[in-house]
Asker: 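The structure's right below; bear with me while I get my questions together.
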Amino acid sequence: MTHSHRTFENPPALPHDVVAKALEAALRDSTLEATAAAVLVGIALNDDDRAFIEQCCTEVGSRAASGSQLLGLAGLCLGHTARRFGQLSDRAVVLAEALAARAELDPSDVDGRALDGRDDIRSYLHRVEGE
């Protein structure tokens, strides 16, 4: 009997213009959310531009429709960003807290990954005032 082993590789960080187009397309068409999710995770884990990552996460977390997988993922990716850089803007923190609160109230609105993101932010954050 042959066993197949599945491997998971984190998605790479793509060029910023490609990321922006993929996210914008997914915000207009929910059938494109899987691609957008991979793009968002890729930048959160591998891009060196914290401001760009935050901008993408806050756009998605502010604009995605209720029930979208991208809402919880935006919160989670902000948590990854806090872990990697040790800082987030006040706007990003407020959004992550709001997404987590929505997840607590109604997991069908925002999934539980937003709670994981909030926990990471609270563990790793050194706030950047005024951003």
Side-chain angles (χ1 to χ4, degrees):
M1 183 166 149
T2 309
H3 294 283
S4 68
H5 294 284
R6 291 183 183 194
T7 59
F8 176 79
E9 292 185 24
N10 288 324
L14 297 174
H16 290 185
D17 61 329
V18 174
V19 171
K21 286 177 188 170
L23 296 178
E24 189 58 41
L27 289 169
R28 286 193 310 269
D29 180 354
S30 64
T31 64
L32 302 174
E33 284 188 357
T35 300
V39 165
L40 201 59
V41 170
I43 62 170
L45 295 176
N46 299 304
D47 197 295
D48 291 328
D49 186 341
R50 179 184 58 86
F52 178 74
I53 301 166
E54 284 188 34
Q55 175 189 344
C56 291
C57 290
T58 55
E59 272 299 302
V60 169
S62 300
R63 294 179 50 208
S66 177
S68 168
Q69 68 166 326
L70 296 176
L71 291 172
L73 187 62
L76 180 65
C77 288
L78 286 170
H80 289 327
T81 305
R83 180 181 46 78
R84 288 184 60 219
F85 296 95
Q87 52 187 280
L88 287 176
S89 67
D90 289 343
R91 178 177 179 219
V93 173
V94 167
L95 177 64
E97 292 282 349
L99 290 170
R102 286 173 61 183
E104 287 176 329
L105 287 174
D106 183 0
S108 69
D109 174 27
V110 177
D111 71 63
R113 292 177 295 178
L115 301 170
D116 295 335
R118 180 184 64 190
D119 291 346
D120 281 349
I121 289 167
R122 289 178 175 176
S123 295
Y124 295 103
L125 184 66
H126 308 289
R127 271 216 175 123
V128 177
E129 296 301 327
E131 278 191 28

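Sequence positions, counted from 1, serve as the residue numbers for this chain. Here the structure is a predicted model, which means the values were calculated and not measured.
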Asker: With distance as the sole test, does Arg113 use its side chain to make a donor-acceptor pair with the main-chain N or O of Gln69 at under 3.5 Å?
Answerer: yes
Asker: Nearest 0.5 angstrom please: Ser62 OG to Arg91 CZ, how far?
Answerer: 5.5 Å
Asker: Quick one: does Leu45's side chain get under 4.5 Å of Arg83's, heavy atoms only?
Answerer: yes
Asker: In Å, rounded to the nearest 0.5 Å, how long is the span from CG of Leu95 to CG of Leu99?
Answerer: 4.5 Å
Asker: Could you give the distance from CZ (Phe85) to CG (Asp49), rounded to the nearest 0.5 Å?
Answerer: 7.5 Å
Asker: For the pair Glu97 and Arg102, evaluate salt bridge (Lys or Arg N to Asp or Glu O under 4.0 Å) and give the outcome as yes or no after the intermediate values.
Answerer: CA-CA 9 Å; Glu97 292 282 349; Arg102 286 173 61 183; over 6 Å; no
Asker: For the residue pair Pro12 and Asn46, what are the closest heavy atoms and their distance?
Answerer: CA-ND2, 4.0 Å
Asker: Would you give the length of the straight line joining atom CG of Leu125 to atom CZ of Arg122, rounded to the nearest 0.5 angstrom?
Answerer: 11.0 Å
Asker: Can you tell me how far apart CG (Asp111) and CG (Asp106) are? Round to the nearest 0.5 Å.
Answerer: 11.5 Å
Asker: Would Val93 end up clustered with Leu71 when hydrophobic side chains under 4.5 Å apart are linked, directly or stepwise?
Answerer: yes
Asker: Heavy atoms only: give me the nearest Pro11-Ala38 pair and the separation to one decimal.
Answerer: CG-O, 3.3 Å
Asker: Specify the closest pair of heavy atoms between Ala26 and Leu70, including all atoms of both residues, with the distance to one decimal.
Answerer: CB-CD1, 4.1 Å
Asker: Under 3.5 Å, is there a donor on one side chain and an acceptor on the other for Glu33 and Ser68?
Answerer: yes
Asker: Tell me which donor-acceptor pairs under 3.5 Å the side chains of residues 17-25 have, and how far apart each pair is, sequence neighbours excluded?
Answerer:
residue	atom	partner	partner atom	Å
Glu24	OE1	Arg63	NH1	2.9
Glu24	OE2	Arg63	NH2	2.9

Asker: Yes or no on side-chain contact (heavy atoms from CB on, under 4.5 Å) for Cys57 and Leu40, after CA distance, side-chain angles and deciding distance?
Answerer: CA-CA 7 Å; Cys57 290; Leu40 201 59; 4.1 Å; yes
Asker: Decide yes or no for Arg118 and Glu104: does some side-chain heavy atom of the first lie under 4.5 Å from some side-chain heavy atom of the second?
Answerer: yes
Asker: Between Ile121 and Gly79, which heavy-atom pair has the shortest distance, and what is it?
Answerer: CG1-CA, 3.8 Å
Asker: What distance separates Thr81 OG1 from Leu76 CG, expressed to the nearest 0.5 Å?
Answerer: 9.5 Å
Asker: Indicate the atoms forming the closest heavy-atom contact of Ala92 with Thr58, along with that distance.
Answerer: CA-CG2, 4.0 Å
Asker: Please determine whether side-chain contact (heavy atoms from CB on, under 4.5 Å) holds for the pair Leu14 and Ile43, giving the CA-CA distance in whole Å, both sets of side-chain angles, and the decisive distance to 0.1 Å.
Answerer: CA-CA 7 Å; Leu14 297 174; Ile43 62 170; 5.8 Å; no
Asker: Applying a strict under-4.5 Å side-chain criterion to I, L, V, M, F, W and Y, I'd like to know whether Phe52 and Val39 cluster together.
Answerer: yes
Asker: Donor-acceptor pair, Glu54 side chain versus Leu78 backbone, under 3.5 Å?
Answerer: no
Asker: Salt bridge (Lys or Arg N to Asp or Glu O under 4.0 Å), that's the test. Do Asp48 and Arg84 meet it? Break it down for me.
Answerer: CA-CA 9 Å; Asp48 291 328; Arg84 288 184 60 219; 3.5 Å; yes
Asker: Heavy atoms, side chains only, cut-off 4.5 Å: are Asp47 and His16 in contact?
Answerer: yes
